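Report on the following structure.
Computed from a prediction, not measured in an experiment: that's the story for all the values here. Residues: numbered from 1 along the sequence shown. Counting starts at 1 for both ligands and their atoms, in listed order.
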Amino acid sequence: MRIGVIGTGNIGGMLAKAFAACPDTQVYVYNRTVSKAHALAETSQQVFVSPSPRAVAEGSDVVFVCTKPCDGNAVLEEVGPLLSQSQFLVATISTVPFEKLESYTEAGVAKVIPSIAQSARSGILLVSHGPSLTTAQRHTLEGLFKEIATPFVVEEQQIRVASDLASCGPAFIACLLDMWADAAVRTEKLNYVQVEHLLSATLIGVAQLLQSGMTLKDIITKVSVPGGVTEIGLQSLRQTAPQMFDDLHQTTARHAHQNPVGNLFRR
Ligand SMILES: NC(=O)c1ccc[n+]([C@@H]2O[C@H](COP(=O)([O-])OP(=O)(O)OC[C@H]3O[C@@H](n4cnc5c(N)ncnc54)[C@H](OP(=O)(O)O)[C@@H]3O)[C@@H](O)[C@H]2O)c1
């Protein structure tokens, strides 16, 4: 498979490296600041720098556009018309509506919302298929994404909240644990290094339990003995955390709606 990546920043660079580690895959990259693309190509013999977006379009089966939303319109306008029905145009820019994305190109279109976990070829990759994609095209894309992550298909209107969980999620979970660590340090019984170690090891343990088939609710029930200290702690959490998470989702949804950069696409 020939993968094209336009925009080799955090996300494009990560996708390029993840696909480059797959067998029988060549990755063609182009970036506005060319040195960044060359630095990426030095990390893998499967990554090749293309001289232009046109060269990426002409040499790839699937082209990922991984620029910031403010740069996306120009790139999509340039690349979209160069692609044929047998190719795919995949944007990591969640704010570009499908109607707009499909208007640029004859290629099959989709949006993906990656997560930092794909650096380890793991985690969820949110996928939203363009409405005109055939079942066969959907299978082709999902098969490709399975090489680097666990694809999870969402409808366009589900992207925001799903992104909070799967894409922003690693940062939100890390932030919660960091604040918990600070609170533990304020008890003056342990230092930050110690609490970070304890929380990290606990998180890994919880991840392994989940991987073994336990659900979140199973874990809560197993640990919480009636009248015990965990139950008291859970009661305290349940008083404050629901509002905090409601606020989180409302804030990100409001930002996505009001963000004038994303609205570039809503012309
Ligand atoms: N960061 C995340 O965790 C995350 C998660 C999910 C989705 N996303 C989405 O993914 C997209 C990329 O995010 P990012 O964090 O990777 O941004 P980033 O690090 O700023 O990368 C964007 C890259 O696009 C390049 N670029 C801009 N205009 C270009 C053009 N005309 N032709 C070629 N390359 C061009 C930039 O090049 P220069 O080097 O010249 O600036 C930069 O390397 C955004 O739409 C973002 O919303 C990000």
Side-chain angles (χ1 to χ4, degrees), residues 3-19 27-43 47-60 63-82 89-98 100-101 104 109-120 122-128 145 148-152 154 156 158-175 252-253 255-266:
I3 303 291
V5 176
I6 299 177
T8 59
N10 294 311
I11 289 301
M14 182 181 72
L15 289 176
K17 281 186 197 166
F19 282 119
V27 183
Y28 298 92
V29 298
Y30 174 78
N31 194 70
R32 182 175 56 193
T33 304
V34 178
S35 57
K36 218 189 244 181
H38 282 289
L40 184 62
E42 278 172 23
T43 66
V47 177
F48 306 94
V49 179
S50 292
S52 63
R54 171 179 282 275
V56 174
E58 288 174 351
S60 307
V63 175
F64 289 84
V65 173
C66 307
T67 67
K68 287 261 161 60
C70 57
D71 298 313
N73 199 32
V75 173
L76 291 165
E77 253 169 10
E78 181 179 358
V79 170
L82 301 171
L89 178 60
V90 180
T92 62
I93 308 164
S94 59
T95 45
V96 53
F98 275 125
K100 189 79 184 162
L101 201 50
Y104 293 116
V109 305
K111 293 193 261 188
V112 294
I113 319 298
S115 141
I116 193 174
Q118 271 94 71
S119 326
S122 163
I124 293 282
L125 179 74
L126 295 174
V127 182
S128 194
F145 300 147
I148 61 161
T150 304
F152 186 91
V154 288
E156 194 166 30
Q158 298 173 316
I159 289 178
R160 182 61 265 140
V161 65
S163 301
D164 286 353
L165 302 174
S167 182
C168 310
F172 292 158
I173 291 170
C175 175
T252 57
H255 176 82
H257 185 69
Q258 292 170 350
N259 181 0
V261 171
N263 285 341
L264 272 179
F265 289 105
R266 298 203 175 90

Who passes salt bridge (charged side-chain N to carboxylate O under 4.0 Å, His left out) against E156, sequence neighbours left out?
K111
Between A57 and V63, which heavy-atom pair has the shortest distance, and what is it?
CA-CG2, 4.1 Å
In order of chain and number, which residues sit within 4.0 Å of ligand 1 by heavy atom?
I6, G7, T8, G9, N10, I11, Y30, N31, R32, T33, K36, C66, T67, K68, P69, D71, V75, T92, I93, I113, P114, S167
Sequence neighbours left out, what passes side-chain contact (heavy atoms from CB on, under 4.5 Å) with Y30? Give chain and number order.
I6, P53, V56
Identify, with sequence neighbours excluded, every residue that meets side-chain contact (heavy atoms from CB on, under 4.5 Å) alongside T67.
V65, D71, V75, I93
How close do N31 and G9 get, heavy atom to heavy atom, and via which atoms?
OD1-N, 4.3 Å
Write down the atom of A16, the atom of V29, and the distance for their closest heavy-atom approach.
CB-CG1, 4.0 Å
